[in-house]
Amino acid sequence: MYPKAYMNADNPGDVNFMEPDRFRPGNILYSNRDTLKSLDPDRWAPHSIAGRDRKSGYQEGKGFNARFNFMTSFYQFNTTIVVIADTSNDCVRTVNRITNTTSWLSGKCADPLGFGSVDGSFYSAGFSGPYYFVKLPGFVSDGHEQLAFTDYSSIRIMDFTAETVSTMVEEDVIERPRVLTLSPDNSSLYFSFFNGIGQLEFATYRRTILSQGYRHGTPVDGPLSSAVFGGDINAMAFLGEKVLIVSDQENNIIRVIDLVDRQVSSICQHPTLDADSICPFGKVRSGDITKCLTCVPQSFYIMREENKILLGGIGALGYIKTTGQVFSCFCGTFKYSIYSWLV
């Protein structure tokens, strides 16, 4: 259980992407739209590294002087350098953790004439809303340091060894790709897009659409082929070898996908909470798991050794603890409840 400090915490802001902080072990590094932050979980003390809350734009500089425009995901290249997807500026940038200095890396940042997905060197490449990074395994990248990433029209690759950008999956295959995640055995890349979830097998580069036809509205569980999700899937992670969790932001719930049985179920869903309701901060529910509440879940990180799922949302950062089939849900400053979890 979190210490009492979590119960009286300051709002961490929107948590678009997060993972353990390599520069400050024990902390959580996360992106907050216009700011890169590190959180000390023992004191629940968010610390801004680069950018300023609610101050969007484009500017290189140090600390608060830097400006981002909808920072989505990032990749910690090493303990010092963080690679940032500056989505609405249509470029990729870096943050040096030692100096807290932000620098251009690739793309035409905030340039109205530079919009568009163009392959080439880091210097000449163009981006169209770079969104989500994942590191490719060595057997796929021929030993190069490569990141797969999504932009508005395709899945692409940044090769840090050759300093080039290339296209992995063309736009005619998928529409508006969002989130990437590797299968636990690194054999496949799973991706979400505007109206579905797909799989790319590295051995054959075969692409399979697992589910298609997402539409706004009341969530419907059941067969993966006919399940209804609300809007884009902006978070996706593997719980086990064949079990995915995905966000359903529009409906304020978390969906669980069994890839063996091809079935979808929901957790952290309250039957009286619809898509237009105000996020339920401060309310404590007891009972079965269907009464757990979340607030626009939009990022996950699986901490397997600690049996935890970090959960980020709008003004919320907490965890789901899965030890002994016990579900402990803390979001933002409020403890929701403890339930039996049979996933």
Side-chain angles (χ1 to χ4, degrees), residues 10-19 21-24 27-40 45-118 121-133 147 149-153 156 158 160 163 165 178-179 232 234-235 296 298-299 312-317:
D10 292 331
N11 189 312
D14 299 354
V15 182
N16 297 316
F17 183 83
M18 61 183 164
E19 61 184 33
D21 190 337
R22 293 182 61 185
F23 184 73
R24 295 189 182 279
N27 279 18
I28 299 167
L29 188 67
Y30 69 97
S31 58
N32 172 219
R33 294 188 66 87
D34 304 318
T35 316
L36 182 66
K37 296 186 176 184
S38 183
L39 174 73
D40 181 345
H47 168 70
S48 295
I49 298 166
R52 186 182 290 273
D53 290 345
R54 297 179 294 278
K55 294 290 185 181
S56 62
Y58 172 68
Q59 183 173 307
E60 309 297 3
K62 187 174 182 177
F64 292 143
N65 293 321
R67 293 289 182 270
F68 299 89
N69 194 355
F70 192 30
M71 181 193 308
T72 48
S73 75
F74 55 80
Y75 169 67
Q76 296 177 84
F77 190 80
N78 50 37
T79 58
T80 302
I81 302 299
V82 183
V83 180
I84 304 289
D86 195 350
T87 302
S88 292
N89 278 329
D90 297 313
C91 63
V92 177
R93 302 163 72 187
T94 62
V95 173
N96 186 309
R97 296 297 304 279
I98 295 176
T99 63
N100 282 2
T101 301
T102 301
S103 304
W104 168 88
L105 178 64
S106 187
K108 313 298 182 184
C109 294
D111 182 351
L113 299 178
F115 181 86
S117 301
V118 179
S121 68
F122 279 8
Y123 179 80
S124 62
F127 298 83
S128 179
Y131 194 85
Y132 203 94
F133 292 128
L147 297 182
F149 71 96
T150 54
D151 68 10
Y152 190 79
S153 60
R156 305 172 70 195
M158 291 192 75
F160 285 81
E163 296 189 353
V165 178
R178 302 290 279 185
V179 180
D232 294 327
N234 288 337
V296 195
Q298 58 186 20
S299 56
I314 302 297
L317 176 58

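Only this structure's heavy atoms are used, side chains among them; waters, hydrogens and symmetry mates stay out. Everything numeric here is computed off the predicted structure, so don't read it as measured data.
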**Student:** Could you give the distance from OG1 (Thr79) to CD1 (Ile98), rounded to the nearest 0.5 Å?
**Tutor:** 7.0 Å
**Student:** So Phe74 and Glu19, do their side chains get closer than 4.5 Å, heavy atoms only?
**Tutor:** yes
**Student:** Would you say the side chain of Arg156 lies within less than 4.5 Å of the side chain of Phe127, judging by non-hydrogen atoms?
**Tutor:** yes
**Student:** Check the orientation of Phe160 and Phe77. Use parallel for under 30°, tilted for 30 to 60°, and perpendicular for over 60°.
**Tutor:** tilted
**Student:** Under the side chain to side chain contact (heavy atoms under 4.5 Å, CB included) criterion, do Ser299 and Asn16 qualify, and how do the steps go?
**Tutor:** CA-CA 6 Å; Ser299 56; Asn16 297 316; 6.0 Å; no
**Student:** If every non-hydrogen atom of Gly61 is compared with every non-hydrogen atom of Ala66, which pair is closest and at what distance?
**Tutor:** O-CB, 4.1 Å
**Student:** Tell me whether Arg24 at atom CZ has more than 12 heavy atoms from other residues, nucleotides or ligands lying less than 6.0 Å away.
**Tutor:** no
**Student:** Provide the closest heavy-atom pair for Val118 versus Ser124 in the form atom of the first, atom of the second, distance.
**Tutor:** CG1-O, 4.5 Å
**Student:** Identify the two heavy atoms, one from Arg52 and one from Thr35, that lie closest to each other, and give their separation to 0.1 Å.
**Tutor:** C-OG1, 3.2 Å
**Student:** By the definition side chain to side chain contact (heavy atoms under 4.5 Å, CB included), identify the one residue from Phe70, Phe17, Phe68 that meets it with Ser31.
**Tutor:** Phe17
**Student:** Would you check if Ser38 and Arg97 make a side-chain contact, meaning some heavy-atom pair closer than 4.5 Å?
**Tutor:** yes
**Student:** Any heavy-atom pair between the side chains of Thr72 and Tyr132 that's under 4.5 Å?
**Tutor:** no
**Student:** Rounded to the nearest 0.5 Å, what's the gap from OG1 on Thr94 to CD1 on Ile81? Could you check?
**Tutor:** 5.5 Å
**Student:** Evaluate the side chain to side chain contact (heavy atoms under 4.5 Å, CB included) criterion for residues Asp34 and Asp53: first the C-alpha distance (whole Å), next the side-chain angles of each, then the deciding distance (0.1 Å), finally the verdict.
**Tutor:** CA-CA 6 Å; Asp34 304 318; Asp53 290 345; over 6 Å; no
**Student:** Once rounded to the nearest 0.5 Å, what's the spacing between atom CH2 of Trp104 and atom SG of Cys91?
**Tutor:** 9.5 Å
**Student:** Before you tell me yes or no, could you show the steps for Val165 and Ser106 under side chain to side chain contact (heavy atoms under 4.5 Å, CB included), namely the whole-Å CA-CA distance, both residues' side-chain angles and the distance that decides it to 0.1 Å?
**Tutor:** CA-CA 9 Å; Val165 178; Ser106 187; 4.2 Å; yes
**Student:** How long is the gap from CD on Gln298 to CE on Met18, to the nearest 0.5 Å?
**Tutor:** 9.5 Å
**Student:** So which atom in Asn89 and which in Arg67 form the shortest heavy-atom distance, rounded to 0.1 Å?
**Tutor:** ND2-O, 4.4 Å
**Student:** Would Tyr75 and Phe149 count as a ring pair (Phe, Tyr, Trp, His ring centres under 6.0 Å) if you check the C-alpha gap in whole Å, the side-chain angles of each, and the deciding distance to 0.1 Å?
**Tutor:** CA-CA 10 Å; Tyr75 169 67; Phe149 71 96; over 10 Å; no
**Student:** Does Tyr58 have Arg93 sitting over its ring (NZ/CZ under 6.0 Å from centre, angle to axis within 45°)?
**Tutor:** no
**Student:** If we only count heavy atoms from C-beta on, is the Ile49 to Leu29 side-chain gap below 4.5 Å?
**Tutor:** yes
**Student:** Measure the spacing between OG of Ser73 and CG of Asn234 and express it to the nearest 0.5 Å.
**Tutor:** 11.0 Å
**Student:** With no hydrogens and no angle check, just 3.5 Å: does a side-chain donor-acceptor pair link Asp151 and Ser128?
**Tutor:** no
**Student:** Identify the heavy atoms of Pro46 and Lys37 that sit nearest to each other, and give their distance.
**Tutor:** CB-CD, 4.5 Å
**Student:** Using a 6.0 Å distance limit plus a 45 degree cone around the ring axis, check whether Arg178 lies over the aromatic ring of Tyr131.
**Tutor:** yes
**Student:** What is the minimum heavy-atom distance between Phe133 and Val83, and which atoms define it?
**Tutor:** CE1-O, 3.8 Å
**Student:** Could you tell me whether the side chain of Val179 reaches within less than 4.5 Å of the side chain of Thr150, counting heavy atoms only?
**Tutor:** no
**Student:** Would you call His47 and Asp40 a side-chain contact if the rule is heavy atoms closer than 4.5 Å?
**Tutor:** no
**Student:** Could you check whether any side-chain heavy atom of Asp90 comes within less than 4.5 Å of a side-chain heavy atom of Lys108, counting everything from C-beta outward?
**Tutor:** no
